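The next block holds one structure in the form of structure tokens; read it before the comments.
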Amino acid sequence: MRCLFTASLAVAGIAGTLAHRVGDGPVRHRKSLGFGPVHKHAYYRSSPYQVVTTSFTRRSEDSDPFEVARLFIEDILANQLSDSSSYKIRKDSYTDKTTGITHVYVRQIINGLEVSDGDMNINIKDGLVLSYGNSFFTGPAPSGFVPQSLDEDIRHPHQEFCNGLTDEIELHYNSFAEAQNEQVVMGDAAPLAKVDRALRHLTHVHHSNCRFRQLATEMAGLTQETDLDPRSALLQFMVTATPHDHVVNDVLANFEHYLSKMVQYMQGNHFAPTDEPSYLMVDNVPDAVAPVKAKLAYYQVPGKGDSVHLSLVWKFEVEMQDNWYEAAVSAMAPHRIVSVVDWASDAPVPIPEPETTATYNVFAFGVNDPEEGKRSIQKENFDALASPVGWHSLPYANDPSFRGVKVATKEFYRNTTTTWGNNVFAQENWEGQNAYITNYRPDAGSGKAFDYVYKPKETDKSDALEEAQKHINATVAQLFYTSNMMHDLYYRYGFDEVAGNFQQYNFGRGGEGNDAVIANAQDGSGYNNANFMTPPDGQNGRMRMYLWNTALPYRDGDFEAGIVIHELSHGLSTRITGGPLNSGCLPFGESGGMGEGWGDFLATTIRSTANYSDYAMGSWAANRPQGIRNYPYSLNDTINPSTYKTLDKPGYFGVHAIGEVWAEMLWVVSQGLIQKHGFTDTLFPPQPLADGTIPTGDFYRPAAGKKPLVPKHGNSLSVQLVINAMKLQPCRPGFFEARDAIILADQQLTGGENFCTLWKGFSSKGLGPDADVILRTPWGGGVRTDDFEVPLACDTA
Ligand SMILES: *[C@@H]1O[C@H](CO)[C@@H](O)[C@H](O)[C@H]1NC(C)=O
Ligand SMILES: *[C@@H]1O[C@H](CO)[C@@H](O)[C@H](O)[C@H]1NC(C)=O
Ligand SMILES: *[C@@H]1O[C@H](CO)[C@@H](O)[C@H](O)[C@H]1NC(C)=O
Ligand SMILES: *[C@@H]1O[C@H](CO)[C@@H](O)[C@H](O)[C@H]1NC(C)=O
């Protein structure tokens, strides 16, 4: 018997419930699953107003932060867990250049398997643990399970056969490494591809015969109910996840047939030392656009009362046309879906100076939409720190259009005259499919003047799509320009390579490369919305901008900067909350809602000027002055009455409604900072000098020794605190944790001089120190209490 878990569906994009593409050909129904348990035992502790309850004491200032983290973790584990629990420090941990804080990400391991929601994030500076979050499983480890991971060698009856194979693979591995060097030097990918194929084949044989089957047999002998073949669990997940009724019906009617068509093989690096986990890959999965990654793991599942137990699950990474899921499905029959996260939501080489910088006829940065200003010619004003080779250059080795192609040049960088560069690949996507490399994009020739007509005519509805498509050159140029400006802006506030930003090449500065943003203009998969899919660091983010059929001529979302910024901010918040390699930290409920809220807040802050004004989201595209949210962002409680308790209302289960409340709180908080510190007309910090130092200009306060630079004005400081706090907060934060992280970020950056300003802002919206929530369920809900008081220390004024 199959037991399928049904979940409530929500569109993840900029808008919640606006119309889908209608009248212009087929429109796909995008469906998004997102749910999972919220753990009562998870907690976040941030000094100074919460006591860190451990015996752990400060280490000397010059201690290695990772050593401090290790001692700290062991201190916690000693008090909490049985011997079978261990941990690993994830490789995406890093020390932040802008704050000097080291962010350490830790994953719990039990019986050799990851506890996929057992996370710690520890923030360390000068030998001191500033704050940490902990959702480690604290109960007894399950027994009756082979305590071996897939990465460990297991004896096999045909030991000699396997040993021989290992030698052969090692041989191939060496020539692989050689070929890899050759490719970098010569730009020739052919030998690499050949060795790679041979290696993959042997590895496949090795794993399926010598390692995985053996492990599977041993495990099956011990736990009879465990289904060690992931295919059945995966197929049942696909039935729930697919938006297509005919796929559901066909799979259910021919279940065994689909099962037998799905093939499995192992993937992973085992012959060079690496921390990479190995995955089982499953191909021929209905409705998936790429082979699905699968691995066994534990997941924490709530039981009766406050109890929590570990469930053995298959963790799948499923890339579909419109979704990119990370799902945990019980490995025990029946295959219950335990959790689903949709990743979609709405110097080694000398660096050359670009010969000519490009120009673009666009709505300049800060002009939110066509109603707010006119187009003008803007320079490729790239930030020398964020985009050292400009926006139209990238290494041949990192250019997906040269994958598997022999390049007859010894040049390292390729210069383009199209909307194709190291940070952003921008193009049309009228087909609404996943291909992008050969899609149309404007080529401005050697002068790189992207100057195209934008004068859409009013037509009948039947011709409106064609009319919009006539302006594809201007649209793609605009999307490319806005997305690169945002790349550079966020970079300067700390969304750099180690923090997991989106770049094909990382200039040897750390983090994973090959993950520029794929930016699709006029994407054919929908209307009246936009969305962004954020897989972990090292895989391309994908942004899809839609047309809006809310007026004639159609309005093109690519021209409304607020929508583009909202979407790009999903990439920012998803990558830096919980670490670059964990894309599952803002999935649903309050954390998913804040994922929407940060985008609205940042988009609104970027468009705002020295003269205060209220702003609504998406007004131009939606052709509605009040925009697409319930209320405009405003300091006036009559115009925007949202408080923390608003989340209790019916209609506030969806992430966009929750996000709107969070964005309003941040808006009010930031206005307090602007009142205190003033306003800067540009959010871009000064360019670095030739020796690499950053001048303070009028942007930063005078530098104080080795201390991080502090933005001088209220609006730039708000952006800095919000981004710093995302790095400090735990995985799956609620409003309280996110608020506390902002207060801690200020403590770290300014010594806490805005403590009362920040509290005053939050408290005015009900998020004071005694605000509370009870009866929250995994699906949301709960009963909240507003607190409008400020902490005692701030009561004097
Ligand atoms: C790309 O431009 C840089 C800077 O002008 C130049 O040094 C380099 O040779 C160019 N690369 C190619 C392949 O033309
Ligand atoms: C886009 O620009 C190119 C020149 O770069 C031009 O040949 C083409 O006709 C333009 N496309 C449209 C739809 O105007
Ligand atoms: C703000 O308002 C003043 C007075 O109305 C005006 O002179 C100024 O140009 C405005 N500034 C901006 C940035 O809109
Ligand atoms: C707030 O907005 C309401 C409704 O527009 C208006 O009547 C009231 O005067 C505003 N209050 C302030 C302080 O501006």
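Positions are given from 1 along the sequence. In each ligand, atom 1 is the first atom listed, and ligand 1 is the first ligand listed. Remember, predicted model here, so these are calculated numbers, not experimental data.
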Backbone N/O of Glu789 and side chain of Asp787: donor-acceptor pair under 3.5 Å: yes
Tyr440 and ligand 2 - part of the residue with a heavy-atom distance under 4.0 Å: side chain
Part of Tyr396 within contact of ligand 1 (heavy atoms, under 4.0 Å): side chain
Residue list, salt bridge (charged side-chain N to carboxylate O under 4.0 Å, His left out) with Asp537, at least two apart or on another chain: Arg575
Any N or O of Asn415 closer than 3.5 Å to N or O of ligand 1: yes
Within residues 383-399 or reaching into it, pairs that qualify as salt bridge (Lys or Arg N to Asp or Glu O under 4.0 Å) - sequence neighbours excluded: Asp383-Arg492, Asp399-Arg414
Gln427 and Asn520 side chains, donor-acceptor separation under 3.5 Å: yes
Residue pair Glu467 / Tyr554, side-chain heavy-atom distance below 4.5 Å: no
Proximity of His471 to ligand 2 by residue part, where a heavy atom lies under 4.0 Å: neither
Tyr452: numbered ligand 2 atoms lying under 4.0 Å from its heavy atoms: 2 (O), 5 (O)
Nitrogen or oxygen of Asp443 less than 3.5 angstrom from that of ligand 2: yes
Protein residues that have a heavy atom under 4.0 Å from any atom of ligand 4, sorted by chain and number: Asn636, Thr638, Ile639
Residues forming a side chain to side chain donor-acceptor pair (under 3.5 Å) with Lys676, sequence neighbours excluded: Asn754, Thr757
Identified ring-ring contact (aromatic ring centres under 6.0 Å, His included) counterpart of His392 within the set Phe382, Tyr413, Phe450: Phe450
Distance filter under 4.0 Å to Lys470 heavy atoms, resulting ligand 2 atoms: 12 (C), 13 (C), 14 (O)
Minimum heavy-atom distance between Gln478 and Asp558, given as atom pair plus value: CG-O, 3.5 Å
Whether Asp746 side chain and Ile742 backbone form a donor-acceptor pair below 3.5 Å: no
